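What follows is one structure encoded as structure tokens, with my remarks underneath.
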There are 2 protein chains.
Amino acid sequence: MPVRTRPTLSDVAREAGVSLATASRAINGSPTRTVRADLRERVLEAAARLEYTPDANAQAMARGQTTSVGLVVHDVADPYFSTIAAGVTAAADDVGLAVTLAETRHDPRREVDLVELLHRQRARAIVLAGGRLGGADRAEELTRAIAGHRRSGGGVALIGQPLPEVPAVALDNSGGAAALARALHDAGHRRFGVIAGPADHLTARHRQAGFREALAELGTAAAPEHVVPSEFSRDGGYAGMTALLPHLGELDVVFAVTDLMAVGAMAAVRDAGLTVPTDVGVAGFDDIPTLRDITPGLTTVRVPLREIGAQALQLALALEQEPRVVVVRGEVVLRDSTARP
Amino acid sequence: MPVRTRPTLSDVAREAGVSLATASRAINGSPTRTVRADLRERVLEAAARLEYTPDANAQAMARGQTTSVGLVVHDVADPYFSTIAAGVTAAADDVGLAVTLAETRHDPRREVDLVELLHRQRARAIVLAGGRLGGADRAEELTRAIAGHRRSGGGVALIGQPLPEVPAVALDNSGGAAALARALHDAGHRRFGVIAGPADHLTARHRQAGFREALAELGTAAAPEHVVPSEFSRDGGYAGMTALLPHLGELDVVFAVTDLMAVGAMAAVRDAGLTVPTDVGVAGFDDIPTLRDITPGLTTVRVPLREIGAQALQLALALEQEPRVVVVRGEVVLRDSTARP
DNA sequence: CTGTTAGCGCCTTCAG
DNA sequence: CTGAAGGCGCTAACAG
């Protein structure tokens with residue numbers, strides 16, 4: 001099939017026997033002007049006959065405004081991010097905007113690049129999900145990129161760790177982890193291990209720090225050898241638990257800083273021929289919907305990821321507002337994975 | 001902070017004391033022309049000083065080609081789709097394209113609308129994941145929308161069920177389900193139930209049909225009362241298994257047409273105070289990565305979703321090619337959920 | 001190698 | 001209520 005050249009609005013206008021301006025007003029109803037019914041009819045028919053479709057790019061250019069928003073995540077395949085993405089997409093759809101999805105693949109440099117890419121596309125707003133990685137350099141570059149986008153009228157919102165002066169939906173990671181620690185303590189557990197995630201990952205850091213500080217206040221601090229770093233993934237959880245296996249006799253519960261890691265940790269326990277929670281309890285963080293049916297049920301901190309995504313988009317679009325930070329608190333969910341033997 | 005007006009390429013040109021064209025060539029290197037080093041240097045410096053960023057929309061318009069592709073899924077929060085999305089995004093990124101994500105929310109009408117939306121945005125290619133729903137009307141509308149996009153030079157590829165004349169990565173749903181049936185038969189199971197999904201859902205239909213046909217060939221057809229329709233979700237699986245509970249004594253294994261449904265089905269078994277696989281075996285389809293660690297391990301048909309997403313994008317971008325259909329076969333994975341008691 | 005000049009497709013004042 | 005004309009920011013012939 002030959003690539004026919006697309007019909008343009010002038011083609012439609014000519015076909016309908018009206019001017020370009022009238023055709024434009026008929027098809028995309030101007031805010032102020034109105035078109036006589038019969039003319040509008042003619043235009044619409046002509047457009048249908050020609051199979052005309054407006055060019056969103058040209059419209060964006062003429063109007064000086066696009067109809068899309070950007071979403072930056074580390075990895076869509078991770079249920080944490082895909083749930084957030086669902087929230088952002090739904091909220092965007094509600095206001096007639098399309099979502100451009102970009103993945104950092106856990107590379108902080110790409111995060112900056114993607115913000116710039118999205119800025120180039122003149123996204124109306126950019127939502128950055130996913131914990132900031134990298135050191136101060138990256139944070140500064142990111143701040144600059146964000147500032148550039150905002151200065152020229154684009155909105156931005158962060159999910160997770162806030163950054164100075166930028167609207168954000170912040171998870172109370174340390175508070176949630178602390179609440180989890182207290183709940184486990186209330187349930188009678190006393191000896192804790194932690195699979196802590198990467199040292200340079202802020203979310204991981206806040207979660208493990210909040211957990212350990214709460215323990216300290218309760219007078220049952222986790223021993224240093226019971227706190228192991230790991231990758232921020234299922235496999236990281238598996239490896240972390242494997243490292244803790246020799247100490248299992250000294251532990252009641254191991255806290256992995258994400259559900260995905262906790263699942264990996266549970267697999268490691270099973271592969272060692274042991275049982276959760278009989279030999280050791282396991283707790284996670286996030287309450288990923290897809291994982292709510294695993295057995296034993298995973299004790300965790302529920303985070304309303306979908307709502308967070310939706311709210312972040314709204315924050316990002318509220319251009320006039322002052323930078324605003326909404327803090328979302330998680331809710332401890334005790335399940336069988338930490339039942340006392 | 002005031003919304004400063006964005007610097008344009010002419011601002012940069014003026015600042016650098018060169019012509020618009022030179023600035024353009026210096027910044028976005030023209031394929032044919034080249035710019036003297038010192039001039040290019042001046043331009044780049046001016047651009048940096050002004051914090052100039054090219055406007056992707058304007059470039060798209062001038063070049064007559066955008067740098068984005070569209071992806072249509074039912075629901076990104078569903079791990080099936082998020083894994084596909086990861087594949088599409090990675091492949092797009094490799095060739096420097098951005099992905100616009102659109103969700104049908106399981107509404108076939110929206111599917112058509114989204115194709116049109118993406119066409120309006122002049123997406124270089126559109127990947128449609130997710131089984132076609134709805135009847136012949138919708139299929140026809142969709143075919144028309146797709147044809148419109150292709151006629152004007154855009155690529156399209158489907159994932160799942162093919163449509164006549166459209167490139168596709170087709171899952172061999174019925175073949176995979178048949179292989180599963182044979183594998184379960186080989187393992188000694190004889191009495192099967194099926195949680196079949198929605199009647200109008202093609203993927204679900206092919207999977208259950210393939211499964212049942214293979215059983216028939218093996219001489220052990222599933223009784224009609226052991227085949228229950230359901231929603232295409234975790235809750236659908238739960239409800240389906242609940243409906244089968246009264247018949248559990250007559251069944252060795254229940255096949256749910258997706259892993260997510262299988263997980264719901266397993267939860268229903270547990271909630272009834274029974275055990276998988278002792279009281280009944282459960283099998284799914286997809287081999288969702290996030291669910292690979294559940295216990296008992298879920299017997300399923302592995303589908304390389306990520307690769308499928310990547311390949312679909314490549315098919316969609318290969319505009320010159322003949323309509324081509326790639327069939328991907330699943331691989332049966334037997335795990336403990338169907339271990340014989 | 002550089003500059004000038006048309007558009008790309010559409011919206012939007014501004015006249016009529 | 002309609003039409004003509006300018007411009008959005010950039011690229012790509014076309015001259016110089």
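Protein chains get the first letters and strands the later ones, always in sequence-line order, with residue 1 at the start of each. Side chains included, hydrogens not; waters and symmetry mates left out as well; all remaining heavy atoms used. Just so it is clear, the structure is predicted and the values come from calculations on it, not from any experiment.
Contacts between residues 52-60 of chain A and DNA chain C, defined by a heavy-atom separation under 4.0 Å, are made by A/Y52, A/P54, A/D55, A/A58, A/Q59.
Of the listed nucleotides (D/dT2, D/dC10, C/dC11), D/dC10 has the atom at the smallest distance from the side chain of B/L9. Taking only side-chain atoms of B/A21, from C-beta outward, the nucleotide of D/dG3, D/dG9, C/dG3 with the closest atom is C/dG3. Checked against C/dT4, D/dA4, D/dT11, the side chain of B/S24 finds its nearest nucleotide in D/dT11. When distances are taken from the side chain of A/L20 to each of D/dT11, C/dG3, C/dC10, the shortest belongs to C/dC10.
Looking at which nucleotide of DNA chain C each of B/S19 and B/A62 is closest to, the 5′-most match is held by B/S19.
For the pair B/T22 and C/dG3, the criterion of a side-chain N or O lying under 4.0 Å from OP1 or OP2 is met.
Screening residues 141-164 of chain A for ring pair (Phe, Tyr, Trp, His ring centres under 6.0 Å) gives A/H119-A/H149 as the qualifying pairs, with residues at least two apart or on separate chains.
With values rounded to the nearest 0.5 angstrom, B/L71 atom CG is found 7.0 Å from B/T89 atom OG1.
Side-chain N/O atoms of A/R122 and base N/O atoms of D/dG9 include no donor-acceptor pair closer than 3.5 Å.
Taking atom CE of residue A/M61 and atom C1' of nucleotide C/dG9, one finds them 9 Å apart after rounding to whole Å. Atom pair B/D11:CG and D/dC10:C1' shows a separation of 13 Å (rounding to whole Å applied). Summarising the geometry, the separation between CZ on A/R120 and C1' on D/dC8 is reported as 19 Å, rounded to the nearest angstrom. Here the C1' atom of nucleotide C/dG9 and the CG atom of A/N28 are 12 Å apart, to the nearest Å. Taking atom CD of residue A/Q121 and atom P of nucleotide D/dC10, one finds them 14 Å apart after rounding to whole Å. Across the protein-nucleic acid pair, B/R63 atom CZ and D/dA13 atom C1' stand 16 Å apart, rounded to whole Å. For the pair B/R40 CZ and C/dC1 C1', the interatomic distance rounds to 12 Å; values are reported in whole Å. B/Q65 places its CD atom 13 Å from the C1' atom of C/dC8, with the value rounded to the nearest Å.
Partners of B/R109 by salt bridge (Lys or Arg N to Asp or Glu O under 4.0 Å), not counting sequence neighbours: none found. Residues satisfying the side-chain contact (heavy atoms from CB on, under 4.5 Å) criterion with B/A316, sequence neighbours excluded, are B/A125, B/V127, B/A157.
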Indicate every side-chain donor-acceptor pair of residues 75-83 of chain B with a distance under 3.5 Å to a residue at least two apart or in another chain.
residue : atom : partner : partner atom : Å
B/D75   : OD1  : B/A77   : N            : 2.9
B/D78   : OD1  : B/Y80   : N            : 2.8
B/S82   : OG   : B/P79   : O            : 3.3
B/T83   : OG1  : B/P79   : O            : 2.6

In residues 8-23 of chain B, what donor-acceptor pairs under 3.5 Å come from side-chain atoms, sequence neighbours left out?
residue : atom : partner : partner atom : Å
B/T8    : OG1  : B/S10   : N            : 3.2
B/T8    : OG1  : B/S10   : OG           : 3.2
B/D11   : OD1  : B/R14   : NH2          : 3.3
B/D11   : OD2  : B/T8    : N            : 2.8
B/E15   : OE2  : B/R49   : NH1          : 2.4
B/S19   : OG   : B/A21   : N            : 3.4
B/S19   : OG   : B/T22   : N            : 3.2
B/S19   : OG   : B/T22   : OG1          : 3.1

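In this structure, A/R110 contributes its side chain and A/R105 its backbone to no donor-acceptor pair below 3.5 Å.
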